[in-house]
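In what follows, a structure is listed as structure tokens, so that the remarks can point back to it.
Hydrogens, waters and symmetry mates play no part in the numbers below; they use all other heavy atoms, side chains included.
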Amino acid sequence: QVQLVESGGGLVQAGGSLRLSCAASGRTFSGYAMAWFRQAPGKEREFATVINWSGRSTYYADAVKGRFAISRGNAKNTVYLQMNNLNHEDTAVYYCAAGRLPIYSESFYANPGSYDYWGQGTQVTVSS
């Protein structure tokens, strides 16, 4: 059974930092890109960042660029999201996703439908 399990969410003050983790299991994820999406209350799920299988290519949404950093563990089945300088607009449930997709095009990597597997989400709340 394929599982993506996120951890590391919580409550943080504006300007603070959090590091999310996502551990994937249940199959080999060779060739899979992994991404973070987020969904705020009353809003659609939105793309935050993606990393390719090798870890050499990453893309970020404008809203998080320069503040968030995605990375991949040596075993390739773990992905991290370092979030710095958080603000109230970053409050959301953060979801990890995995999929075999070309990440050279935003139409692919920013589309939730491009991903095969999803985690259950972890809440991040930024207090102002």
Side-chain angles (χ1 to χ4, degrees):
Q1 181 181 358
V2 175
Q3 278 191 311
L4 274 63
V5 180
E6 302 98 335
S7 61
L11 175 64
V12 63
Q13 287 189 332
S17 299
L18 278 177
R19 188 188 194 216
L20 305 184
S21 299
C22 173
S25 63
R27 63 159 295 149
T28 178
F29 283 88
S30 174
Y32 276 70
M34 296 187 76
W36 289 95
F37 285 75
R38 64 185 186 180
Q39 188 166 17
K43 295 187 177 181
E44 292 186 353
R45 192 168 297 191
E46 66 173 10
F47 168 78
T49 180
V50 64
I51 188 167
N52 73 340
W53 161 249
S54 70
R56 295 192 185 100
S57 294
T58 59
Y59 296 92
Y60 296 89
D62 288 343
V64 307
K65 197 174 295 182
R67 300 185 300 119
F68 289 14
I70 190 171
S71 60
R72 202 148 184 167
N74 290 334
K76 304 296 187 205
N77 62 342
T78 302
V79 66
Y80 304 99
L81 182 63
Q82 179 66 42
M83 305 186 295
N84 299 324
N85 193 21
L86 287 160
N87 58 59
H88 183 66
E89 287 69 38
D90 296 316
T91 295
V93 177
Y94 283 71
Y95 296 91
C96 175
R100 290 185 66 92
L101 67 149
I103 71 165
Y104 54 78
S105 172
E106 185 176 4
S107 63
F108 288 114
Y109 65 70
N111 179 3
S114 298
Y115 295 85
D116 303 305
Y117 304 105
W118 290 84
Q120 82 289 348
T122 185
Q123 177 70 46
V124 171
T125 302
V126 183
S127 63
S128 53

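- For the pair T122 (side chain) and Y94 (backbone), a donor-acceptor distance under 3.5 Å is absent.
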Pair up each side-chain donor or acceptor in residues 55-63 with any protein partner under 3.5 Å, not counting sequence neighbours, and list the distances.
residue, atom, partner, partner atom, Å
Y60, OH, I70, N, 2.9
D62, OD1, K65, NZ, 3.2

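- Of all heavy-atom pairs spanning A98 and M34, the tightest one is CB-CG, 4.2 Å.
- Partners of R45 according to the salt bridge (charged side-chain N to carboxylate O under 4.0 Å, His left out) rule, which considers only residues two or more places apart in sequence or in another chain, do not exist here.
- L101 and Y32 sit in two unconnected hydrophobic clusters of ILVMFWY residues. Membership requires side-chain heavy atoms under 4.5 Å apart, directly or through other members.
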Extract all donor-acceptor atom pairs below 3.5 Å that involve side chains of residues 3-17 and protein atoms in other chains or at least two apart in sequence.
residue, atom, partner, partner atom, Å
E6, OE1, Q120, N, 3.1
E6, OE1, Q120, NE2, 3.4
E6, OE1, G121, N, 2.9
E6, OE2, C96, N, 2.8
E6, OE2, G121, N, 3.2
S17, OG, N84, OD1, 2.9

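- Within the structure, the salt bridge (Lys or Arg N to Asp or Glu O under 4.0 Å) test picks out no pair touching residues 119-128 (sequence neighbours left out).
- Atoms CG and CZ, on D116 and R27 in that order, are 8.0 Å from each other to the nearest 0.5 Å.
- V64 and M83 fall within a single hydrophobic cluster, where Ile, Leu, Val, Met, Phe, Trp and Tyr are joined by side-chain heavy atoms under 4.5 Å apart, directly or via other members.
- In this structure, E89 has no side-chain hydrogen bond (donor to acceptor under 3.5 Å, both in side chains) partners at least two apart in sequence or on a different chain.
- In this structure, CD on E46 lies 12.5 Å from OH on Y95, to the nearest 0.5 angstrom.
- Evaluation of the ring pair (Phe, Tyr, Trp, His ring centres under 6.0 Å) rule for F37 yields F47, Y115, W118 as partners, not counting sequence neighbours.
- In this structure, CH2 on W53 lies 13.5 Å from CD1 on I103, to the nearest 0.5 angstrom.
- With sequence neighbours excluded, the residues satisfying side-chain hydrogen bond (donor to acceptor under 3.5 Å, both in side chains) with R67 are D90.
- Pairs engaging residues 25-61 under the disulfide bond (SG atoms under 2.5 Å apart) rule: none recorded [sequence neighbours left out].
- Taking OG from S30 and CG from N77, the interatomic distance works out to 11.5 Å, rounded to the nearest 0.5 Å.
- Scored by the side-chain hydrogen bond (donor to acceptor under 3.5 Å, both in side chains) test, S128 finds no partners at all (sequence neighbours excluded).
- Remark: T28 pairs with no residue by the side-chain hydrogen bond (donor to acceptor under 3.5 Å, both in side chains) rule, at least two apart or across chains.
- Sorted pairs that involve residues 35-82 and meet disulfide bond (SG atoms under 2.5 Å apart), not counting sequence neighbours, are lacking altogether.
- Considering only residues two or more places apart in sequence or on other chains, S71 meets the side chain to side chain contact (heavy atoms under 4.5 Å, CB included) condition with Y80.
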